[in-house]
2 protein chains.
Amino acid sequence: MAQTLDDLAALSGVSRATVSRVINGGPVAEGTRRRVLDILHRTGYRPNAAARTLASGRSGVVGVVMHIDPHLLFQDPYFSQLLQGMSDALSERATAMMLWLGNRSKEETLDHILWMSLLDGVIVTAYRLEDPLVDGLLTSSLPTVLVGHRRADRSASYVDVDNVDAADAITSHLVAIGRRRIGHITGLRGTVAAEDRLAGYLRAMKRAALPVDELVVDGDFNQPSGAAGALSLLDQGADAVFAGNDATAQGALEAIRGRGLRVPDDVALAGFDDLEFAARLDPPLTTVRQGVRQQGMEAARTLFQLLEEPGEGPRRVILPTELVIRQSTAGGVVGG
Amino acid sequence: MAQTLDDLAALSGVSRATVSRVINGGPVAEGTRRRVLDILHRTGYRPNAAARTLASGRSGVVGVVMHIDPHLLFQDPYFSQLLQGMSDALSERATAMMLWLGNRSKEETLDHILWMSLLDGVIVTAYRLEDPLVDGLLTSSLPTVLVGHRRADRSASYVDVDNVDAADAITSHLVAIGRRRIGHITGLRGTVAAEDRLAGYLRAMKRAALPVDELVVDGDFNQPSGAAGALSLLDQGADAVFAGNDATAQGALEAIRGRGLRVPDDVALAGFDDLEFAARLDPPLTTVRQGVRQQGMEAARTLFQLLEEPGEGPRRVILPTELVIRQSTAGGVVGG
DNA sequence: CGGCGTATTGGAAGCGCTCTCATCCTATTG
DNA sequence: CAATAGGATGAGAGCGCTTCCAATACGCCG
């Protein structure tokens, strides 16, 4: 159990270097390789990870940083899916994942991560426009991939979806089915997603030459803010509501119903994310699907590229979104 | 940046050993310590984690293994909360967390974990009665803490709640409010939670001398299985339903409503978990609260104890649950 | 004033592995 | 048959740190 390469070498009658080559796939004569492999299996030998890391300079471990409000982590499947996607891609390359959540301040977390010097690289979720943790990682020498935020300076590697385009598309869809007083309940202000979706909404409204005036209310990505926002928009005479995400849309749906109005007949409703429940709402919700799991996988792969070809400059990946049209925005025809 | 202890030693005019002592809190004269600390901060020195691990035999990293169906991971906040709790407790001791999800087979995952020899210990979720991954970890020399399962042989350390007692309590509550045809929709058979809750239900029914006959139907912890199960139980003339968890209860609620029956008037309903939405259902759901986050913290702390006092034998922690009575099981009085 | 205990410090031996270089051996070619 | 190329292997120098042990210096007691 507590055996070393030297023990193995002695057992198989070759040098330590040769055993190491067998383990790491170096050039070894076929006969020797088989003999050593046999001993390897027989003894159940496991190399010492710390020693290999020290000697080789690579650890096979990457960090994943999700420094977010615990509340969000609990209730939004987004993060589980992202994690799952990363985990999938990492395990393909037998890479382990070290996870940091938001238990500490961003400064402390940054310190911990940098102190844990054995990471080969790090993936960090970046939702806010300003983020010292993200800045710190980017500044450090640690290869870093951002998820969810394109930095303006274009010097960072990232994986993201085009929130502006997607929001534009869904707003345009509302215009296309004949709505004129289209309101928007934003996501949490200060996050990239909320600001970009708002920008997309505004762009589409402007192109359609529709008034925006009091038709934008702030939400926070949660259900209650959707209900409150919807009530406010109804007071403004809205005939359509584009909510910052699906949870917000769900809240809005309840509020609209509470007023005795029908969706989509009186008010059309759209969300963002296409979470599982969106299709099961009554009526099923029109929304934007973003492959969250795929974002996670892509982030991991991008990091691998960074590690394999350093000096290649930043890599940027924009994943496509898909407009999912359901009954909640059914056009002239009344849907069920 | 790429500096070593020797560089630091040279800079501060002491030996490498002394610098090491300063970093690790060894005995050093106060003046020397201050001088070295100053250099340390000034240079932004970070020790090489691999080297310290190799030399000291401890890594400050523990593994967390949640080998579960991705579907569950996404939709059940249980896992996020557990993770959060562990992360909280680990970060208190500046310990990092390496995470494994269920991307691979249990055998492969086990191999990866054992191969990643730098872990100080591991926490593993154990929900199934039989689990090769759990067995493998327990057999290995890696200090291991189980979450959610008391092994019969009592040789393992674990953190768990008493599902049997809790299920007994909630069933007895249904008896106490005068119900006689009390049905149970189980969780996923083969999991400890489902079997234990079933056992608790049966125990309470037996003590109350109530018939069970066709009143147990199998579910799988998901909403649809709750709906299906409820319909079946209604056919059996059930006047109360104890669902395997809150999601199942939610499904049951919809099905009962669909039949034109009222909760709790016609059918009383109870769940398990007390997830956030349970209190927001209409009517609010009677359920069992288990401190999931606390379970996570407790698991991490148990592992710390194991690491600090090896040879102390297994540690077992049973956390309390709390019966949360709401309108869905309101007694004689009809609730809203 | 000599001796001894104690607080500090330095020296140096690893921890177990990777990887470059040098060596050796066999096969090939003219 | 000699010369040489090339593949397989071994030797050994680290990687950067912890930690045991010895050495030193200082203060105090008798």
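Throughout, a chain's letter reflects where its sequence line sits, starting with A, and its residues are numbered from 1.
- Contact annotation: the side chain of A:R21 approaches that of A:T18 to within less than 4.5 Å [non-hydrogen atoms, C-beta and beyond].
- Note on the helix from C:dC1-D:dG30 to C:dG30-D:dC1: terminal axis deviation equals 50°, with five pairs used at each end and the result rounded to 10°.
- With DNA chain D read from its 5' end, the first of the two nearest nucleotides for B:T18 and B:A50 is the one closest to B:A50.
- Residue B:S20 is classed as a base contact, given a heavy-atom separation below 4.0 Å to a base.
- Taking 4.0 angstrom as the limit, A:T4 places none of its side-chain polar atoms (N or O) nearer than this to OP1 or OP2 of C:dG16.
- If B:A51 and B:V14 are placed on DNA chain C by their nearest nucleotide, the residue sitting closer to the 5' end is B:V14.
- In this structure, CG on A:L119 lies 9.5 Å from CG on A:L137, to the nearest 0.5 angstrom.
- Distance from the side chain of B:A55 is smallest for D:dC17 among the nucleotides D:dC17, C:dC17, D:dG10.
- Across all strands shown, A:A29 has heavy atoms under 4.0 Å from sugar-phosphate atoms exclusively, and none from any base.
- The base of C:dT18 lies close enough to the side chain of A:R16 for a donor and an acceptor atom to sit less than 3.5 Å apart.
- Side chain of B:T95 to backbone of B:S91: no donor-acceptor contact under 3.5 angstrom is found.
- Nearest to the side chain of B:R21, among D:dC17, D:dC20, D:dT18, sits D:dC20.
- Regarding A:L54, its CG atom lies at a distance of 17 Å from the P atom of C:dG14, rounded to whole Å.
- For the OP1/OP2 pair of C:dT18 and a distance below 4.0 Å, the side-chain nitrogens and oxygens of A:N24 include at least one atom meeting the criterion.
- Residues of residues 30-41 of chain B having a heavy atom closer than 4.0 Å to DNA chain C, listed by number: B:T32.
- A salt bridge is defined here as a Lys NZ or Arg NE, NH1 or NH2 lying under 4.0 Å from an Asp or Glu carboxylate O, and A:R315 with A:E298 fails to meet this definition.
- Of the charged side-chain nitrogens involved, none lies within less than 4.0 Å of a carboxylate oxygen, so that B:R58 and B:D120 do not count as a salt-bridged pair.
- With 3.5 Å as the limit, one finds no donor-acceptor pair spanning the side chains of B:R46 and A:S117.
- For A:R58, taking side-chain heavy atoms from C-beta onward, the closest of the listed nucleotides C:dC17, D:dT18, C:dC19 is C:dC19.
- Between B:S15 and C:dG10 there is a side-chain N or O to OP1 or OP2 distance below 4.0 Å.
- Salt bridge B:D88/B:R293: present, at least one basic N to carboxylate O contact under 4.0 Å.
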